Q: 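Pasting in a structure now, in structure tokens, and then I'll have a few things to ask.
These figures come from a predicted structure and were not determined experimentally. We name chains A, B, ... by the order of the sequence lines, and we start the count at 1 in each one.
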Amino acid sequence: MTPAKLAEVVLAAARAVFTGRGLDLSALPERTAVERPRNPEHGDYASTLALQLSKKSGVPPRELAAEVADQLGRAPGIKSVEIAGPGFLNIRLDAAAAGQLARVVVEAGEAYGHSERFAGQRVNLEFVSANPTGPVHIGGVRWAAVGDALSRLLRAAGADVTTEYYFNDAGSQIDRFARSLRAAARDEPTPEDGYRGAYIGEIAAAVAAKNPEAAEKDEKDSLEIFRVDGVNIMFDEIKSSLSDFGVHFDVYFNEKQLHDEGELDLALERLRAEGHIFEADGAVWLRTTDFGDDKDRVLRKSDGDWTYFAGDCAYYLDKRQRGFDRVVIMLGADHHGYVGRMRAMSACFGDDPDSNLEILIGQLVNLVENGEALRMSKRAGTTLTLEDLVDKIGVDAARYALARYSIDSPIDIDVELWTRSTRDNPVYYVQYVAARTASVGRNAADVGLTRGASDAFHPELLDHEKELDLLKSLGDYPAVIIAAAELREPHRVARYLEDLAGAYHRFYDNCRILPYGDEEITDTHRARLWLNDATRTVIANGLGLLGVTAPERM
RNA sequence: GCGCUCGUAGCUCAGUGGAUAGAGCAGGGGUCUUCUAAGCCCAGGGUCGCAGGUUCGAAUCCUGCCGAGCGCACCA
């Protein structure tokens, strides 16, 4: 029995009690969940439903709990139900009901943990969104790992997800980029406001190789070549390194489209129609202070140019008009000052910023080597890039390290730790279980041990404490995915996998899976192989959500 | 000054209003005649920053204060 199924049974029991007493059924929640008590004396699972319903029903919690317990006790698969404390229901399962989970997992395979919880929700996830003036730096990499994991999580939970990368290949930043490239190609010093760093020389050389006269033409034509070719080469490099990192976007959205298709004007007119536009000092403003922003924001400057914020408005409107009811944007902590104006902008369009717009702010990332943070310096052009991180610790460790912490927590990635092959390196600890389960599978095949037909599976034989713990951990997985997707917190998956890995290792150390020597193969061996394979399934599924491989051997 | 985030074991961090707050590391002690010891087991370690409030119940929600990081453009 899965925890989700048990929760339904608990709710059904409560419904029966309410019906019997003639209570208002509308007081019952749509769904409930059971908890995993830390203290084993509190049973396999616990429900707080009676506590929650006591006030609404006017029945004292323990009295309500007693009646629900009475109903529950008659349900199949439930061994016992006890009432504890103010009205907790402590539930124990039959060994067979618990053990069945191994079969559920193995037979579901890659689909185990998937649900339809967010079916029908259309979510747009925008992340990274670096302009093609340089490689993806380490802050952007955090979002590549977290955003991509989040997209996988939301899809697993049934949402309709589109991932987007927003970029601008025109404007003053790109002009600076082009001038920096041209200067490098001509062996001139980098312009005062230019981009530095080794990559500038490399891109400049690549442009020159493709177009040998580029540096020699008159300045206007020359800059145009460096601008167009430089941006193309840079963007290809960005896409290529993201691809190597396992991250692909559904949509690459160019700011230029907003200009070309008149979307900026359209957005302005929409905002004007909503009554939030005013003009002052020769500029066009959005009155974001109507919705809690610190100050009003300029959309069109007095020189007639649009601001970057105007692009944000038009882009937001574009997303909404494409049918996304949830627009999620991920930004670094150094951009959190944007939240107020973005939320206000959403409200100016007549939307509800609490439900239509979500801005996730991620704290910064440091790479630490030999006890020292490798600091970035824009002046010296020493930015830490995606490649630097991958070169130091590899894709799996990088993705895991970036995804295992709450985005509210700044991360120091210790190069030495994340390349270590020991218990304290979480990605190895989890991957080791993947390799171990695979190894057991190979050895089982060698000695002729197979799971056999599913009707030959005897779940009640999985009654060792460590087997039951492992089964419970496997049962937690679907709820972890839903919670992680709903709260936009992929780190929950990593933390869960570490718990599961621990449960598997303890099972492995206590419960021999394969027969010894010439020992005859029994139903216990087969049942344990089901459990082994179920674990492999969940570890692989969970690592897959994080974009991390589940190796066959290590 | 205003805003956002954070403050949990010596260190790094989990912890969606539930019962006795957890994990890893550090440091101490155990554990390999057959499935990966890259593992496992045992013990120690806490004023959940401080003070109030909300309620059956608060690390979790609210208010204030203290401390740390980041941000407050007709830049992108």
Q: Hey, does A/Ile513 reach any base, or is it just sugar-phosphate, or nothing, if we go heavy atoms under 4.0 Å?
A: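 Base contact - A/Ile513 has a heavy atom under 4.0 Å of at least one base atom.
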Q: Go nucleotide by nucleotide along RNA chain B from the 5' end; which of A/Phe309 and A/Tyr516 gets its closest nucleotide reached first?
A: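 Result: A/Tyr516.
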Q: Considering Watson-Crick and G-U wobble pairs with both distances under 3.5 Å, what does B/rA59 pair with?
A: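 Partner of B/rA59: none.
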Q: Round to a whole Å and report the spacing from CZ of A/Arg300 to C1' of B/rC75.
A: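 These atoms are roughly 18 Å apart.
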Q: Using purine N1 to pyrimidine N3 plus N6-O4 or O6-N4 for Watson-Crick, or N1-O2 and O6-N3 for G-U wobble, each under 3.5 Å, what pairs with B/rC13?
A: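 With both distances under 3.5 Å, B/rC13 matches B/rG22.
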Q: Considering only B/rG39, B/rG15, B/rC56, which nucleotide approaches the side chain of A/Pro86 most closely?
A: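 Of the options given, the side chain of A/Pro86 lies nearest B/rC56.
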Q: Round to the nearest Å and state the distance from A/Asp334 atom CG to B/rC72 atom P.
A: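 Result: 9 Å.
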Q: Do A/Asn39 and B/rU20 share a donor-acceptor pair, side chain to base, under 3.5 Å?
A: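 Such a pair is found, so the answer is yes.
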Q: With a centroid cutoff of 5.5 Å and a plane-angle limit of 30°, would you call A/His336 stacked on B/rG71?
A: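 According to the criterion (under 5.5 Å, under 30°), no, A/His336 does not stack.
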Q: Name the nucleic acid region contacted by A/Asp414, choosing base, sugar-phosphate or nothing; use a 4.0 angstrom heavy-atom cut-off, strictly under.
A: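 Nothing: the residue A/Asp414, judged by heavy atoms under 4.0 Å, touches no strand.
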Q: With sugar-phosphate meaning primed atoms plus P, OP1 and OP2, does A/Ser54 contact a base, only sugar-phosphate, or nothing at under 4.0 Å between heavy atoms?
A: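 The residue A/Ser54 makes no contact with any strand.
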Q: Within the structure shown, what part of the strands sits under 4.0 Å from A/Asp281 by heavy-atom distance: base, sugar-phosphate, or nothing?
A: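 Base: the residue A/Asp281, judged by heavy atoms under 4.0 Å, touches a nucleobase.
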Q: Looking only at heavy atoms, which two atoms of A/Arg399 and A/Leu546 are closest? And how far apart?
A: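 Heavy atoms of A/Arg399 and A/Leu546 come nearest at NE-O, 3.2 Å.
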Q: By nearest atom, which of the nucleotides B/rC35, B/rA19, B/rC25 is closest to the A/Arg423 side chain?
A: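 Of all the options, the side chain of A/Arg423 is nearest to B/rC25.
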Q: Grab the OH-P distance between A/Tyr405 and B/rC25 for me, whole Å please.
A: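 In whole Å, B/rC25 P lies 13 Å from A/Tyr405 OH.
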Q: Can you tell which of B/rA38, B/rA19, B/rC74 lies closest to the side chain of A/Ala84?
A: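 Looking only at heavy atoms from C-beta outward on A/Ala84, the closest nucleotide is B/rA19.
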Q: Using a cut-off of 4.0 Å on non-hydrogen atoms, how would the nucleic acid contact of A/Asp312 be classed: base, sugar-phosphate, or nothing?
A: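 No contact.
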Q: Where does B/rC32 fall, syn or anti, if syn means a chi angle no more than 90° from 0?
A: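 Syn, since the glycosidic angle lies within 90° of 0.
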Q: Once you round it to whole Å, what is the distance between C1' of B/rU16 and CD of A/Gln52?
A: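 Atom-to-atom, A/Gln52 to B/rU16, this comes out as 12 Å.
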Q: How is A/Ser172 classified with respect to the nucleic acid when contacts are heavy atoms under 4.0 Å: base, sugar-phosphate, or nothing?
A: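 Sugar-phosphate, no base atom in range.
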Q: Kindly say if A/Lys55 contacts the phosphate of B/rC56, meaning a side-chain N or O under 4.0 Å from OP1 or OP2.
A: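 Affirmative; the distance criterion is met.
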Q: Counting Watson-Crick and G-U wobble pairs only, both distances under 3.5 Å, name the nucleotide matched with B/rU34, or none.
A: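 B/rU34 is unpaired by these criteria.
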Q: Planes under 30° and centres closer than 5.5 Å, is that true for A/Tyr508 with the base of B/rC35?
A: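 One would call A/Tyr508 stacked on the B/rC35 base.
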Q: Take atom CZ of A/Arg512 and atom P of B/rC32, then tell me their distance rounded to the nearest Å.
A: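 Computing the A/Arg512:CZ to B/rC32:P distance gives 16 Å.
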Q: On the nucleotide B/rA73, are OP1 or OP2 found under 4.0 Å from the side-chain N or O atoms that A/Arg341 carries?
A: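 Negative; the distance criterion is not met.
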Q: Please check the phosphate of B/rC25 (OP1 and OP2 only) for any side-chain N or O of A/Asn425 closer than 4.0 Å.
A: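 For A/Asn425, the contact criterion (side-chain N or O under 4.0 Å from OP1 or OP2 of B/rC25) is not met.
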Q: When the distance from CZ of A/Arg62 to C1' of B/rG57 is rounded to whole Å, what number comes out?
A: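 One finds 15 Å between C1' of B/rG57 and CZ of A/Arg62, rounded.
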Q: How is A/Ser439 classified with respect to the nucleic acid when contacts are heavy atoms under 4.0 Å: base, sugar-phosphate, or nothing?
A: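 The answer is base, as A/Ser439 lies within the cut-off (heavy atoms under 4.0 Å) of a base atom.
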Q: I need the single residue from A/Asn366, A/Leu384, A/Val365 that forms a side-chain contact (heavy atoms from CB on, under 4.5 Å) with A/Ile413. Which is it?
A: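 The single option meeting the side-chain contact (heavy atoms from CB on, under 4.5 Å) with A/Ile413 is A/Val365.
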Q: Check whether the ring centres of A/Tyr432 and A/His505 lie less than 6.0 Å apart, and answer yes or no.
A: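 So the answer is yes for these two rings.
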Q: Between A/Tyr432 and B/rG39, do the rings stack, that is, sit under 5.5 Å apart with planes less than 30° off each other?
A: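 No; centroid distance or tilt outside limits.
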Q: May I ask you to say what A/His335 touches in the nucleic acid, namely base, sugar-phosphate or nothing, with a heavy-atom cut-off under 4.0 Å?
A: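 A/His335: base contact, heavy atoms under 4.0 Å.
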Q: Please give the nucleotide sitting opposite B/rA68 as a Watson-Crick or G-U wobble pair, both distances under 3.5 Å, or none.
A: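 B/rU5 - that is the nucleotide pairing with B/rA68, both distances being under 3.5 Å.
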Q: For residues 37-46 of chain A, pull every pair meeting side-chain hydrogen bond (donor to acceptor under 3.5 Å, both in side chains), keeping only residues two or more places apart or in separate chains.
A: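 Applying side-chain hydrogen bond (donor to acceptor under 3.5 Å, both in side chains) to every pair that reaches into residues 37-46 of chain A, excluding sequence neighbours, yields A/Asp44-A/Lys472.
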Q: Can a donor-acceptor pair under 3.5 Å be found between the side-chain atoms of A/Thr307 and the base atoms of B/rC74?
A: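 Side chain to base: no pair below 3.5 Å.
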Q: Do A/Asp499 and B/rA14 have a side chain to base donor-acceptor pair shorter than 3.5 Å?
A: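 It does not, because no donor-acceptor pair links the side chain of A/Asp499 to the base of B/rA14 below 3.5 Å.
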Q: Which whole-number value in Å describes the distance from A/Gln431 CD to B/rU36 P?
A: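 Answer to the nearest Å: 18 Å.
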Q: Given the P atoms of B/rA19 and B/rU12, what is the spacing between them in whole Å?
A: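 These two P atoms come out 26 Å apart once rounded.
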Q: Kindly assign one of parallel, tilted or perpendicular to the pair A/Tyr165 and A/Phe235, based on the angle between their ring planes and the thresholds 30° and 60°.
A: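 Tilted: the ring planes of A/Tyr165 and A/Phe235 meet at 30° to 60°.
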Q: Per the side-chain hydrogen bond (donor to acceptor under 3.5 Å, both in side chains) rule, what does the pair list look like for residues 55-64 of chain A, sequence neighbours excluded?
A: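 Qualifying pairs: A/Arg21-A/Glu63.
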Q: Nearest to the side chain of A/Arg492 - B/rA14, B/rC74, B/rG15?
A: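 Among B/rA14, B/rC74, B/rG15, the one nearest the side chain of A/Arg492 is B/rG15.
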Q: Using a 4.0 Å heavy-atom cut-off across all strands, classify A/Arg495 as base, sugar-phosphate, or nothing.
A: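 Sugar-phosphate, no base atom in range.
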Q: Please report the interatomic distance OG(A/Ser129) to CD(A/Glu255), rounded to the nearest 0.5 Å.
A: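 One gets 11.0 Å once the value is rounded to the nearest 0.5 Å.
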Q: Would you mind telling me which residue lines up with the more 5' stretch of RNA chain B, A/Ala280 or A/Cys511, judged by nearest nucleotide?
A: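 Nearer the 5' end of the strand: A/Cys511.
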Q: Which part of the nucleic acid, if any, lies within reach of A/Ala46 when heavy atoms closer than 4.0 Å are counted: base, sugar-phosphate only, or nothing?
A: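 Base, at least one base heavy atom under 4.0 Å.
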Q: Does A/Leu417 reach a base, just sugar-phosphate, or nothing at all? Heavy atoms under 4.0 Å.
A: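 Here A/Leu417 touches no strand at all.
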Q: How far, in whole Å, is B/rG18 from B/rC61 if one measures between their C1' atoms?
A: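 Between the two C1' atoms, the distance is 14 Å.
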Q: Flag the pair A/Phe253 / A/Glu126 as yes when at least one side-chain heavy-atom distance between them is below 4.5 Å, and no otherwise.
A: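 No; the side chains remain at least 4.5 Å from each other.
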Q: For A/His505, which contact category applies under a 4.0 Å heavy-atom criterion: base, sugar-phosphate, or nothing?
A: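 Since only primed, P, OP1 and OP2 atoms lie under 4.0 Å of A/His505, the category is sugar-phosphate.
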Q: Taking only side-chain nitrogens and oxygens of A/Arg506, does any of them come within less than 4.0 Å of OP1 or OP2 of B/rC41?
A: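 Looking at the OP1 and OP2 atoms of B/rC41, one of them is under 4.0 Å from a side-chain N or O of A/Arg506.
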Q: If we count only N and O atoms by modelled type, under 3.5 Å, do the side chains of A/Tyr504 and A/Asn532 hold a donor and an acceptor together?
A: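 The answer is yes; a qualifying pair exists.
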Q: Would you say A/Tyr504 places a side-chain N or O within less than 4.0 Å of OP1 or OP2 belonging to B/rU36?
A: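 No, A/Tyr504 has no side-chain N/O under 4.0 Å of OP1/OP2 on B/rU36.
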Q: Would you say a side-chain N or O of A/Lys466 is under 4.0 Å from OP1 or OP2 of B/rC40?
A: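 No, no such contact exists.
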Q: Under 4.0 Å, counting only non-hydrogen atoms across every strand here, what does A/Pro410 touch: a base, just sugar-phosphate, or nothing?
A: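 Answer is sugar-phosphate: A/Pro410 comes under 4.0 Å of backbone atoms only.
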Q: Using a 4.0 Å heavy-atom cut-off, does A/Ser409 contact any base of the nucleic acid, only the sugar-phosphate backbone, or nothing at all?
A: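 Touches sugar-phosphate only.
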